[in-house]
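FYI, side chains are in, hydrogens and waters are out, and symmetry mates aren't considered; it's all heavy atoms of this structure.
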Amino acid sequence: MTTKCSPSSVLFFNLSCLCFKTQNFNRPLRARSTLSCSPSRRLHSCSDADSLVSFLILALSQCSSASHCEAVHSRVVKSVSYRHGFIGDQLVSKYAEVGCEGHAGKLFDEIPEKDLVSWNSLISGFSRKGCLAKCLYAFHRMRNETLMNPNEVTLLSVISSCADVKALDEGRSIHGLSERLGMLTEVKVVNSLINMYGKCAKLGAACQLFEIMPVRSLVSWNSMIAVYAENESPTEGIDCFKLMRRNGIQPDDATLVALLQACESVGSIRLVESVHCVICRHGFYGRMLIVTALLDLYAKTGRLDASHQVFLEIRNPDSIAWTAMLAGYAAHGYGLEAVTLFKLMVKKGMKPDRVTFTHLLNACGHAGLVEEGKRYFRTMFGLYGVETTLDHYSCMVDLLGRSGSLKDAYELIRSMPMEPNSGVWGALLGACRIYRNAELGKLAAEHLINMDPSDARNYIVLSNIYSVVGLWKEASEIRALMKENCLARLPGCSYIEHGNKIHQFVVGDQSHPLSRGIYTKLTELIGKIRKAGLAPKTEFILHDVDEELKEDMINEHCEKLAISFGILVTNPGRTLIIRKNLRICGDCHSFAKIISLIEKRTIIIRDPKRFHHFTDGICSCADYW
DNA sequence: GTAGGGTTAG
């Protein structure tokens, strides 16, 4: 156990170390800019006050909390003016950075003769903390109270804030201002605007800016590829990458990461493999950022084996890489393996964080490891110093609810120190569906519908809960409400990659060129199942299948069509990987299990939340989902 | 040119 010190003792320890250094080398931080001055000037600049300020600036750079900043602040007040060594500006910036927006604003007001850098300290401080409202307020104040024009730093801070919170209107007006100020010649400003439009789902505006840029930097290309990938245009993103290469531009880390994002949207394993080759060819395989993105991507496209292989090849995986691997196991339903990996990573001295615990709790919940999950939840702060967030509460509500403790799940929500979000209520609603609890289900669904009245899924789940417990009137009222609001269920869709193409199927789909063969194969498979006396369970209503769906349509569900197609066109024994836009229904889940047994095939189905691995008649989720 | 710097993994 290490000795605990208070933050201020750490600061003073640091202060004394720094003091020792500056005394020894007699070269204060700010003197960097005076090194090229004449010797007499340099001597002059090394006054006592200057040394003290340099020393305080260095101390300030190490501050990580309000109390650290306050300690430095009080020294400044006692000994020097805020403008000396511009320390006031830096204090403002630091206060904003550590989350003391109030202190930052108050101190800012005390600074005499504010220049552009003073304003930028305040604006960029808020921007880095993600406080768009404060950032914009400061920006407008600067525009109204002074005659100063924003420079590149100001614009970048404000634009990136707009991007973070997807503030399109503000973003557009800053775009207009940048144009009026003639700042659209600045590559960084335009790159930032491209990113902002991308985050606001305005692909057209981003493309237009990219097209008219007089000079494009590597970041411009990277940003454009990322914008395509994020806006459902992954193939355009990949074309953009090819164009960039044709222009003789060498990719860097960010390029590869953007490219990997594009691959994920396409959902093509072949493409991921080819980017894997690009990564190796360009010597990026040793870069943690990229290999982590790669291992994550393999896991997300269903190739947990390849993902694990990449992980094994990383020389010294950091805690993010460990977490990515753990997340892969969790998503694929391998809860025990995820827990084992967690223990190993702690043993190796890695520090688990907020994200690690989210995936760990998720893994416990999906594997029925209720006691382990509870224990990790209880000890994550005390043992690992990780603060509990909304995501952790969602995982715990899911874990408790899924194991049948609906009351405990609800009590946990009531005991939360913060306002529950849609993830938390969604987890409770999901559990109510499994255990047919109309009372709590109604409560959860009402919260969810209030939060987002346009999300059809919540109405459907509630209506299905009502139907299954026989509350037909309530069920039809919900349906009527949906019609009133013009909401419709998203049609189910399955995708499978074969021969350089992604093949898509909807319920009862007959549009595929091999449609006849697919249906013949499907009939044959159903026949085999019947002959073996393994008729699938018909209880599918528990999972969110539209109750109005005619029963004979079950046999034409898109998952079954995709499986039949896969078996028809691939060699015996080949693993089938299928993607779905909705959760798999219970009937198709049983179908996939039996087919994996009688056809001796591994079938992997990815729904929006997780994977199901079907082998020898068993699913990795152990029917617990 | 003190601020802080466009894209960037779990």
Checklist entry - Can you find a donor-acceptor N/O pair under 3.5 angstrom joining the side chain of Ser217(A) to the base of dG6(B)? => result yes
Checklist entry - When you measure from the side chain of Ser223(A), which nucleotide among dT8(B), dG6(B), dT7(B) comes out closest? => result dT7(B)
Checklist entry - Within the modelled atom types, does a donor on one side and an acceptor on the other bring the side chain of Thr323(A) and the base of dG10(B) under 3.5 Å apart? => result yes
Checklist outcome for this item: Ala327(A) has its side chain closest, among dG10(B), dG6(B), dT8(B), to dG10(B)
Checklist entry - Separation of His359(A) atom NE2 from dG10(B) atom P, in whole Å? => result 9 Å
Next on the checklist: Does Ser157(A) reach a base, just sugar-phosphate, or nothing at all? Heavy atoms under 4.0 Å.
Outcome noted: nothing
Checklist entry - With ring centroids as reference points, do Trp322(A) and Phe311(A) lie under 6.0 angstrom apart? => result yes
Item to check | dT7(B) phosphate, OP1 or OP2, under 4.0 Å from Asn195(A) side-chain N/O | outcome: yes
Next on the checklist: Between C1' on dT7(B) and CG on Leu256(A), what's the gap in Å once rounded to a whole number?
Outcome noted: 13 Å
Checklist outcome for this item: Closest to the side chain of Thr356(A), out of dG10(B), dG5(B), dT7(B), is dG10(B)
Next on the checklist: Are the side chains of Leu399(A) and Met396(A) in contact, using a 4.5 Å heavy-atom criterion?
Outcome noted: yes
Checklist entry - For the pair made of CD1 in Ile320(A) and C1' in dT8(B), what is the distance, rounded to whole Å? => result 11 Å
Checklist entry - Salt bridge check: are Glu230(A) and Lys199(A) linked by an N-O gap of less than 4.0 Å? => result yes
Next on the checklist: In this structure, how many angstroms lie between the P atom of dT8(B) and the CG atom of Asp296(A), rounded?
Outcome noted: 15 Å
Checklist entry - Which is true for Lys94(A) with a 4.0 Å heavy-atom rule: it touches a base, it touches only sugar-phosphate, or it touches nothing? => result nothing
Next on the checklist: In terms of relative ring orientation, are Phe611(A) and His332(A) parallel, tilted or perpendicular, with 30° and 60° separating the classes?
Outcome noted: parallel
Checklist entry - Between dT2(B), dG10(B), dT8(B), which one does the side chain of Asp353(A) approach most closely? => result dG10(B)
Checklist entry - Under 4.0 angstrom, heavy atoms only, what part of the nucleic acid is Met224(A) near: base, sugar-phosphate, or nothing? => result nothing
Item to check | Atom-to-atom span, CD of Glu264(A) to C1' of dT8(B) - whole angstrom | outcome: 16 Å
Item to check | Working for side chain to side chain donor-acceptor pair (under 3.5 Å), residues Asn191(A) and Asn222(A) | outcome: CA-CA 9 Å; Asn191(A) 290 342; Asn222(A) 292 350; over 6 Å; no
Checklist entry - Does Asp318(A) get its side chain close enough to the base of dG10(B), under 3.5 Å, for a donor-acceptor pair? => result no
Next on the checklist: Classify Val355(A) by what it touches in the nucleic acid, base, sugar-phosphate, or nothing, heavy-atom distance under 4.0 Å.
Outcome noted: base
Checklist entry - Which one, dT7(B), dA9(B), dG10(B), comes nearest to the side chain of Asn222(A)? => result dT7(B)
Next on the checklist: Please classify the nucleic acid contact of Val187(A) as base, sugar-phosphate, or nothing, using heavy-atom distances under 4.0 Å.
Outcome noted: base
Next on the checklist: Can you tell me how the ring of His276(A) sits relative to the ring of Tyr285(A), calling it parallel under 30°, perpendicular over 60° and tilted otherwise?
Outcome noted: parallel
Checklist outcome for this item: Winner on side-chain proximity to Thr292(A), out of dG10(B), dT2(B), dT8(B), is dG10(B)
Checklist entry - How many Å lie between OH on Tyr329(A) and P on dG10(B), as a whole number? => result 19 Å
Checklist entry - In whole Å, what is the span from the CG atom of Leu116(A) to the P atom of dG5(B)? => result 15 Å
Next on the checklist: Output the rounded distance in Å from CD (Gln250(A)) to C1' (dT8(B)).
Outcome noted: 18 Å
Item to check | Euclidean distance for C1', dG10(B) against dG6(B) (whole angstrom) | outcome: 24 Å
Checklist entry - Looking at the side chain of Asp253(A), which of dT7(B), dA9(B), dT8(B) is the nearest nucleotide? => result dT8(B)
